[in-house]
Amino acid sequence: MQAADIRGLFPGLQDTIYLNTASMNVGCVPAREAYELAVERWSAGKFDWMDAERAGEEARSVFAEIVGATAGEIAIVPAVSSAAGIVAANLPPAKRGENVVVAGNEFASNYYPWLLLRNRGYEVRALAPGGDGVTAEAFGQAADGGTRLIAVSAVHSANGYRADLAALSRVAARSGAWFFVDACQAAGAVPLDVVRDGVDFLAAASHKFLLGSRGMGYLYVRSGLLDRIQPVGPGWKAARNPAESFYGPTMDLSPTASKLDASLAWFPALAEQAALGIFRQFGITALLDRNARLALRLEEALVAQGSAFRPFAEQHRSTIFSVPVTDAEAVLARFRQANVVASVREGRIRLAVHFYNLEEELDRVAGLIGRG
C-alpha cells in the first residue's frame with residue numbers, strides 16, 4: 001500500500017490539508033461516482049432500488065468486519081441518536097434505585113436519549129470528566145447494583161480520549177448493566193472488537209471515518225440480546241423477508257438485527273458500498289495501522305514545535321488531537337491562508353487525522369500552530 005494509491009482516490013485533497021474528519025470525511029472518487037450514476041439513472045427513470053438494497057447489505061457486512069461482529073448483529077440506522085433511542089426504548093420502567101451512568105460531557109446523540117429516561121423513573125448519573133476523560137474507575141465508583149446501562153464514547157469527539165472499553169465492560173458486567181458504545185469517532189479510525197471488549201451495543205454514523213455520507217449508520221446488538229430488543233418504528237425492512245412484506249395483515253419480524261433497520265437511504269447506501277470498498281481494497285488492518293502511524297507523526301510534530309499539546313497515556317490515544325492555544329482564531333486564520341481545514345472544540349484546536357493524510361502535511365500544520 002502506497003500513500004499515492006490512497007490519495008488518488010481523494011483528488012479534492014490536492015490543494016487542501018484536511019484534518020476535520022471528526023466532523024465529516026472527504027468524499028472519495030468511488031462514492032462520488034456512485035452518487036453521479038444514481039442521479040443519472042434516477043433522472044432517466046431507470047433507477048433500480050434493489051441495487052441500492054443489495055448495496056446496503058454489502059455495507060452491513062463490511063461494517064461488521066470493521067467492528068468484529070457478524071452481519072446478523074448489525075442494524076442499519078441513520079444516526080447514533082436513532083440507535084441510542086432504540087436501546088433506551090427497550091429499557092422497562094425503572095424500579096426503585098435503578099439508574100443509568102454516562103459521562104456528563106458526552107456528545108448529545110449519546111446523552112439526550114439517556115436523559116429522557118428520567119421520565120421513566122431512572123436516575124441518570126452524569127459523571128464529571130477529569131483532566132483527561134471519564135475513566136473506567138470513575139464509572140466503577142458510580143455504578144452499583146441498580147445500574148441498568150452504561151454509555152460511553154469509544155473516542156471522545158472533542159478531545160480524542162479513547163476509552164478502555166474492556167474495563168468498562170467489566171464494570172457493566174458487575175452491575176448487570178447493558179454496555180452501549182458510541183463509536184462514531186472510532187469506527188474506521190482505530191481497531192474495534194465488540195466480542196473481545198464485551199460490548200452489548202455499538203453505534204456509528206458513516207460520515208466520519210467510515211468514508212460514507214449522511215443518512216447511513218449502524219447499530220451492533222450482541223446476539224444474546226437480540227430477543228430482548230424490539231424495534232421502535234418497524235417498517236417493511238424489519239421483516240424476515242422484506243421484499244415479500246409490503247402489506248399486512250401478518251407481521252413476521254427478522255430474527256436478526258435487521259428487524260431494527262430503518263428504511264434505507266438508497267443514494268447514500270450506494271455511495272457507502274463504494275466507499276467501504278476502500279477498506280477491502282487496502283485491508284482494514286493496513287489502513288488502521290496507517291492511521292496509528294500518522295497519529296504518532298502528528299504527536300511528535302506537535303511536541304517538537306513546543307506546542308502546549310500533551311498526549312494521553314498510550315492506551316487512551318486516538319486519531320483526534322485537542323491542542324491548547326492562546327488564540328484559536330489567530331491559528332484558524334493561519335490555517336485558512338494555508339488551506340488547512342480543522343475545527344475548534346472547547347476552545348482548543350481539534351485535529352483529526354485519517355489515512356488519506358500525508359506525513360508532510362502533519363508537519364506543516366504543527367508548524368502553523370507553533371506555540372499557539
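Here Ser153 contributes atom OG and Leu165 contributes atom CG; the two are 10.0 Å apart, rounded to the nearest 0.5 Å. A distance of 9.0 Å separates CG of Leu270 from OH of Tyr35, quoted to the nearest 0.5 Å.
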- Message: Could you walk me through whether Gln2 and Asp5 satisfy the side chain to side chain contact (heavy atoms under 4.5 Å, CB included) test, starting with their C-alpha distance in whole Å, then the side-chain angles of each, then the deciding distance to 0.1 Å, before giving a yes or no?
- Response: CA-CA 5 Å; Gln2 301 296 321; Asp5 296 330; 3.4 Å; yes
- Task: Mind running side chain to side chain contact (heavy atoms under 4.5 Å, CB included) on Phe209 and Val190 for me, showing each step along the way?
- Result: CA-CA 9 Å; Phe209 296 91; Val190 298; over 6 Å; no
- Message: Is there a side chain to side chain contact (heavy atoms under 4.5 Å, CB included) between Leu288 and Phe355? Walk through the geometry before answering.
- Response: CA-CA 8 Å; Leu288 297 182; Phe355 49 70; over 6 Å; no
- Task: Go through the steps for Leu287 and Ile6 under the test side chain to side chain contact (heavy atoms under 4.5 Å, CB included), then give the verdict.
- Result: CA-CA 10 Å; Leu287 291 176; Ile6 298 175; 3.9 Å; yes
- Stepwise salt bridge (Lys or Arg N to Asp or Glu O under 4.0 Å) check, Glu123 with Arg118: CA-CA 6 Å; Glu123 176 192 358; Arg118 291 170 174 168; over 6 Å; no
- Output, in order, the C-alpha distance, side-chain angles, deciding distance and verdict of side-chain hydrogen bond (donor to acceptor under 3.5 Å, both in side chains) for Thr256 and Glu73. CA-CA 6 Å; Thr256 74; Glu73 296 171 304; over 6 Å; no
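Partners of Pro11 according to the side-chain contact (heavy atoms from CB on, under 4.5 Å) rule, which considers only residues two or more places apart in sequence or in another chain, are Val29. Taking the side chain to side chain donor-acceptor pair (under 3.5 Å) definition, one finds that Tyr220 meets it with nothing, sequence neighbours left out. Partners of Arg280 under the side chain to side chain donor-acceptor pair (under 3.5 Å) rule, at least two apart in sequence or in another chain, are Glu65.
Within the 4.5 Å cutoff, side-chain heavy atoms of Leu298 are placed close to those of Phe321. You'll find the side chain of Cys28 stays beyond 4.5 Å of the side chain of Tyr356, heavy atoms only. Proximity of Arg293 to Leu296: side-chain heavy atoms (C-beta onward) are nowhere separated by under 4.5 Å. By the 4.5 Å heavy-atom criterion applied to side chains, Ser258 and Lys237 are not counted as neighbours. Residues Ser318 and Tyr161 are not in side-chain contact: their nearest non-hydrogen atoms beyond the backbone lie 4.5 Å or more apart. Side-chain atoms of Arg336 and Val341, non-hydrogen and from C-beta on, never get closer than 4.5 Å to each other. With contacts defined as side-chain heavy-atom distances shorter than 4.5 Å, the pair Leu294/Thr319 does not qualify. Here the side chains of Leu332 and Glu329 are in contact, with some heavy-atom distance below 4.5 Å.
Within the structure, every pair that satisfies the salt bridge (Lys or Arg N to Asp or Glu O under 4.0 Å) test and touches residues 188-213, not counting sequence neighbours, is listed here: Asp200-Arg222. A side chain to side chain donor-acceptor pair (under 3.5 Å) check over residues 79-100, counting only residues at least two apart or in different chains, returns the pairs Glu98-Arg148, Asn99-Asp144, Asn99-Thr147. Applying the ring pair (Phe, Tyr, Trp, His ring centres under 6.0 Å) test to pairs two or more places apart or on separate chains, none has a residue in residues 66-96. Each salt bridge (Lys or Arg N to Asp or Glu O under 4.0 Å) pair with one or both residues in residues 161-175, not counting sequence neighbours, would appear here, but there are none.
Using modelled atom types, one finds a donor on one side chain and an acceptor on the other under 3.5 Å when comparing Ser206 with Glu272.
Here the side chain of Asn291 pairs a donor or acceptor atom with the backbone of Ala189 at under 3.5 angstrom. Here the side chain of Ser254 pairs no donor or acceptor atom with the backbone of Arg240 at under 3.5 angstrom. For Thr21 (side chain) and His354 (main-chain N/O), no donor-acceptor pair under 3.5 Å exists by modelled atom type. Looking only at distances, a side-chain donor or acceptor of Asn25 sits under 3.5 Å from a matching main-chain atom of His207. At least one donor-acceptor pair closer than 3.5 Å links the side chain of Asn357 to the backbone N or O of Tyr18. Remark: side-chain polar atoms of Arg350 are not paired, donor with acceptor, to backbone N or O of Arg345 under 3.5 angstrom.
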Side-chain donor-acceptor pairs under 3.5 Å in residues 358-369, sequence neighbours left out?
residue, atom, partner, partner atom, Å
Glu361, OE1, Leu358, N, 3.1
Glu361, OE2, Arg7, NH1, 3.1
Glu361, OE2, Arg7, NH2, 3.0
Asp363, OD1, Arg297, NE, 3.1
Asp363, OD2, Arg297, NE, 3.4
Asp363, OD2, Arg297, NH2, 2.8

Would you list the atom pairs, donor with acceptor, under 3.5 Å between side chains in residues 37-50 and any protein atom, with sequence neighbours excluded?
residue, atom, partner, partner atom, Å
Ser43, OG, Val39, O, 3.0
Ser43, OG, Glu40, O, 3.0
Asp48, OD1, Met50, N, 3.0

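When all heavy atoms of Ala328 and Gly347 are compared, the pair lying nearest together is CB-O, 4.2 Å. Ala262 and Pro78 get closest at one heavy-atom pair: CB-CD, 3.9 Å.
Annotation for Leu225: hydrophobic cluster partners, listed by chain and number, are Val77, Ile86, Val87, Leu91, Val100, Val102, Tyr111, Tyr112, Trp114, Leu115, Leu117, Tyr122, Val124, Leu149, Trp178, Phe180, Phe201, Leu219, Val221, Leu226, Ile229, Val232, Leu260 (ILVMFWY side-chain heavy atoms under 4.5 Å, direct or chained). The hydrophobic cluster analysis finds Val303 isolated: no Ile, Leu, Val, Met, Phe, Trp or Tyr side chain comes under 4.5 Å of it, directly or through other members. Other residues sharing a hydrophobic cluster with Met251 under the 4.5 Å side-chain heavy-atom criterion for ILVMFWY residues are Leu253.
Residues Tyr218 and Phe267 share a hydrophobic cluster, clusters being chains of Ile/Leu/Val/Met/Phe/Trp/Tyr side chains in contact below 4.5 Å. The hydrophobic cluster containing Val155 does not contain Val353, counting ILVMFWY residues as joined when their side-chain heavy atoms lie under 4.5 angstrom apart, directly or transitively. Under a hydrophobic clustering in which Ile, Leu, Val, Met, Phe, Trp and Tyr are joined whenever their side-chain heavy atoms come within less than 4.5 Å, directly or via other members, Leu264 and Val62 fall into the same cluster. When the side chains of ILVMFWY residues are joined at heavy-atom separations under 4.5 Å, either directly or via intervening members, Phe10 and Phe282 end up in a single hydrophobic cluster.
If you run side-chain contact (heavy atoms from CB on, under 4.5 Å) between Leu168 and each of Val152, Val101, Val199, Val134, only Val152 comes through. Checking Val67, Ile66, Val181 one by one against Leu192, the side-chain contact (heavy atoms from CB on, under 4.5 Å) holds for a single residue, Val67.
Aromatic ring centroids of Phe63 and Phe279 lie 6.0 Å or more apart.
Heavy atoms from other residues, nucleotides or ligands lying under 6.0 Å from CD of Gln315 number more than 12. When the shell of 6.0 Å around CZ of Phe107 is examined, it contains 12 or fewer heavy atoms from other residues, nucleotides or ligands. Counting heavy atoms of neighbouring residues, nucleotides and ligands inside a 6.0 Å radius, atom CZ of Phe246 exceeds 12 of them.
Ion pair Arg60/Glu57 flagged as a salt bridge, since at least one NZ, NE, NH1 or NH2 atom sits closer than 4.0 Å to an Asp/Glu carboxylate oxygen. Using a 4.0 Å cut-off between charged side-chain N and carboxylate O, Arg54 and Glu58 make no salt bridge.
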